[in-house]
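Some notes on the structure that comes next.
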Amino acid sequence: EQYRIGLITPPPHEWTKTATTIGERLKTESDGRIDLLTFPSGQLGNEAQMLQQLQTGALDFAFLTLGELANRDESYGIFLAPYIVDGPQAARDLLKGEVAGKLLAGTSKFGLQGIAWGMAGMREIVMKGKTETVADLKGKKIRTVPFAQELDFWTRLGAAPTPMPLPALYDAFANGQVDGMQIDFEGTWNSKYYDQAGTIIDSNHMMFPMIAVASARKWQTMSEEDRALITKVMGEEIDAMVGRYADIDAKYLADLKGTSVPVITVDRSFFGPAIEAWYEDWRKRTPLLIELEAEAAK
Amino acid sequence: MKSTGNPPAATVTDTEQGGLLAGLERFERRLARLETVAIGIVTAAVFLILLSNVFSRSVGRPLIWSDELAINLMIWAAFIGASLGLARRQHIAVTLLPDALAPGGRHVLAILVDLVLLSFFAILAVLVWNWLDLPGLIAAGSADALAQSRFNFTWQEPMMTLSVRKVWFWLILPIFCLTGTFHVAMSLMRHIRDSSTTEVTV
Amino acid sequence: MIVAGSFLALLAIGAPIAFALALLALIYIFASGNTIMLQSFPQQLYGGLENYGLIALPLFILLGEFMNAGGIGRRLMALAMAFLGRVRGGLAYVNLCANMMMASILGSTVAQITIMSRLAVPEMEKAGYPRDVSMAITAAGGLLAPIIPPSMLFIIYGVIAQIPIGDLFIAGIIPGLIIFVAFIAVIAWLGHRHAFPRNEAMTLAQRIHAVRDALPAALIPVAIVGSILGGLATPTESAAIASLIAILVGLFVYREMHWSDIPKAFANAGVASAAVLFLIAAAQVFSWVLTFENLPALVASTMQAMTASPVVFLLMLNVLLLCLGMITDPIPAIILIVPVFLPVATGVYGIDPFHFGVVVCLNLTLGLLTPPVGTGLFVAALMGNVRAERLARLLLPFFIAVLAVLLLIVVFPALSTSLIGLMR
Ligand code: NA
Ligand code: NA
């Protein structure tokens, strides 16, 4: 049986590599019965288009960022809570927890079958100019993705969150249409944004979650045996991938420290009272966040 | 191959003639006029959105929704223009063979092209009809109910930064089907009429 | 086979190319039996245009309309001529150099062709150059836009390959300069063949007048460059700013434009860009269908089985890309090809990803001007009122020049990779 998995990440990205590994393992462990074709770089369309193809059953699987789901139900953005975890290791536990499971099950209302949660590198901040305190971020245009939780975080810091397509970012940062960005160390290094940077803030302030889903329509037609195998293999490989991010983040941070750009390491206190205010508001908007906080505190 | 065509076919026909066809041609001229004005307005809106985006960003208050709105308005202009382009013969085509043929043969090809276009619009119309599933929506009562009962999420689709449903922008597709079909049907009728007059005079 | 045959048949009878492509995608879906894709067809047709970069198309055409209505283009060319002595085909070189400068700011061929055809072609025609040849030179000059950095194509490639975009730009510098020189040679040959006129030398008073008269017009290029480099605007937004200035200069300084020209310009720009945009939408749907059927991966594995030599692999890939470039535009083609072929190129053949990127981008750039589906070609034909077919024939020497350079780059990877090492 031939299946297709769609991703927006390019072939060298960890998510795509993981999808390829999953395909290889499925082929061996099903004795060649399951053939999973990987379509990286948004070849089948952007995430909205992929979601629609999942809903009709044209596309079988996808690794999605939060955008489309959080846009339909704000609860899917709760993993963006600042400092909910202190790094990839804690994130790995939280992404396998009870709240994560509830959200996976909840994807049925979008015509999806949730399979596993994953993530990319922790979010850091890269600024054009010298940055020492949170006051230096005031009034600055920061490139973000347009998730409500993330926009709100930056607005509370007095900055101007500026969504912008990734291909436009390099020029925009070089020319100054944006003053900074929220990104991971891997992207900072690979796209050489540090060349134009004045300060790199090693903040680890946010996760960047990913959800692995199947088309609910297609899922219903699969044999019990295949479903179990796919769930097992995807779960294991994605969990292993999340585990690798601790090393990936550390490696690229070390690379960046080798450049002439100053790297400052900060923690939750750097951002001041804005974070507590963020939590107070979002506990009301997405009560599931309270459960997530309790789980993270364990 | 050519990119600019004859003047709008509708303007060169005999308007003295009464009857259904003349009435339809008057309507087509009005439709083409409306489409031109709509394209102008939409393009002007895109222009103003980009300018205001520059301004708002320079004062440190970037408009989060402006890019998405500008893109979708541009798409409206593209589909309205694609329909108008059928009336004005402005679509790009390879005209090597038609140019090499005698007027009679060219006429047959022109009718053939009209039929090809009509079949495209027929298929697209069916696909858009199934996709939007208006009877299903009415029966279900709401976008959410339709999504629950029929796994059709079209009417539910939100936009990323604008707080309207995407379907308001997607409505350009059924409009495109209607106006495009109309322009092609008019062209076909003219071609058939012209070929019958050619036969009479020959 | 059936699919390719029906496409050729549709083109031959003179069906609009955009509709032929969209129908082709539908035929392919029916032929493959994956009819479930039909449910996504309307959304894919719409979604193919959901790309911020495409807004540059109507915006730069709009700027061209305003520059034309306000008498701005004419004065800018007069300014360029004021600095020129008696050279055969002088204006043709001015055109190419202006293109080179524009290319170092803009990344879009279409934007560049639009502006340059409004600036240069009317003046060249007045000076006695054949209109179609002038338009061909302008269209060829537009090829420099995605080759000389910054370049939208390089950026998209860099994002897919996950390699530094700044280094990729550097990799494009030498190939870009070689192509510039090759184009100068082609123009010299054309000048000989078509007997380009020599421009008359101006008197000092004429020169001073030309410079003074062009000062307000010069605000337009200054606004484009300044607003981008000053961090005020993206390249697309710079067209909006420049349009605003063109309106003001045309209305109040030169007084050649009337208020009634403004709505006309908006409608013209919208209609002119729509034909091209709809074609892009159709090409996107078509490449979505090809991808879904996994065709690129099948081709990649076939090629892999055929040769072990990196040069032979690259040559075969170039033939494939030239064919693909004929029926699609560079951006959908890059998304179709690179994710599948890059891992093969670097992993199996050990090709440097920068080298691969320069080859692929340069090759696909040609697709902008190759019939039957070439956005740049159509925009040039539209702007210059020349038949696209005639234009394609006149562009042939330029194509050959680019192909020769491409071959050079395939065989000598150092042309694209050595500068990166030096600049590090
Ligand atoms: Na450029
Ligand atoms: Na082409």
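So that the names make sense, note that chain A is the first sequence line, chain B the second, and so on, each numbered from 1.
The structure places CG of Leu24(C) at 12.0 Å from CZ of Phe120(B), a figure rounded to the nearest 0.5 Å. One finds the CZ atom of Phe19(C) at 4.0 Å from the CG atom of Leu86(B) (value rounded to the nearest 0.5 Å). Distance CZ/Phe266(C) to CG/Leu48(B): 6.0 Å, rounded to 0.5 Å. To the nearest 0.5 angstrom, Ile13(C) atom CD1 is 4.0 Å from Leu112(B) atom CG.
Looking at Asp114(B), neither its backbone nor its side chain comes within 4.5 Å of chain C, counting heavy atoms on both sides. Of the atoms belonging to Ile71(B), heavy atoms from both backbone and side chain fall under 4.5 Å from chain C. With a 4.5 Å cut-off on non-hydrogen atoms, Ser40(C) does not touch chain B at all. Residue contact with chain B, scored on non-hydrogen atoms closer than 4.5 Å, involves the backbone of Gln39(C) exclusively. Proximity to chain B (any heavy atom under 4.5 Å) is shown, for Asn268(C), by neither the backbone nor the side chain. Only the side chain of Leu59(C) comes within less than 4.5 Å of a heavy atom in chain B; its backbone stays farther off. Contact of Leu244(C) with chain B is made through backbone and side chain together, with heavy-atom distances under 4.5 Å. When heavy atoms are compared at a cutoff of 4.5 Å, Leu127(B) approaches chain C by way of both its backbone and its side chain. Proximity to chain C (any heavy atom under 4.5 Å) is shown, for Phe55(B), by neither the backbone nor the side chain. For Leu45(C), the parts sitting under 4.5 Å from any heavy atom of chain B are the backbone and the side chain alike. With a 4.5 Å cut-off on non-hydrogen atoms, Leu54(C) touches chain B through its backbone and its side chain both. Contacts of Tyr52(C) with chain B are made by both backbone and side-chain atoms, with heavy-atom separations under 4.5 Å.
Ranked by heavy-atom pairs under 4.5 Å with chain B, the list Thr236(C), Ile280(C), Val276(C), Val271(C) is led by Val271(C). Chain C forms more heavy-atom pairs under 4.5 Å with one residue of Ile172(B), Asn130(B), Leu117(B) than with any other, namely Leu117(B). The greatest number of non-hydrogen atom pairs below 4.5 Å with chain B, out of Leu26(C), Ile55(C), Leu277(C), Ile241(C), is found for Ile55(C). For chain C, the option among Val128(B), Asn72(B), Ile80(B), Thr154(B) with the highest count of heavy-atom pairs below 4.5 Å is Asn72(B). For the set Glu157(B), Glu35(B), Glu68(B), Lys166(B), the count of heavy-atom pairs under 4.5 angstrom toward chain C peaks at Lys166(B). Listed options Ala82(B), Ala44(B), Ser83(B), Gly81(B) were ranked by heavy-atom pairs under 4.5 angstrom with chain C; first place goes to Ala44(B). In terms of heavy-atom pairs under 4.5 Å with chain C, the best-connected choice from Ile39(B), Thr36(B), Val37(B) is Ile39(B). With respect to chain C, the highest number of heavy-atom pairs below 4.5 Å among Ile75(B), Leu97(B), Leu50(B), Leu109(B) belongs to Ile75(B).
Using cut-offs of 30° and 60° on the angle between ring planes, the pair Trp170(B) and Tyr46(C) is perpendicular.
The environment of Arg131(C) atom CZ is dense: over 12 non-hydrogen atoms of other residues, nucleotides or ligands sit within 6.0 angstrom.
Scanning all heavy atoms of the two residues, the minimum distance from Ser58(B) to Leu232(C) falls at CB-CD1, 3.7 Å. The minimum heavy-atom distance linking Ala12(C) with Pro98(B) is given by the pair O-CD, 3.7 Å. Taking both residues in full, the closest heavy atoms of Met74(B) and Asn51(C) are given as CE-O, 4.5 Å, listed atom of the first, atom of the second, then distance. Between Ala233(C) and Arg57(B), the shortest heavy-atom distance links the atoms CA-NH2, 3.7 Å. Of all heavy-atom pairs between Ala78(B) and Ala274(C), the closest is O-CB, 3.6 Å.
Put simply, the side chain of Pro16(C) reaches to within 4.5 Å of the side chain of Val113(B), judged on heavy atoms.
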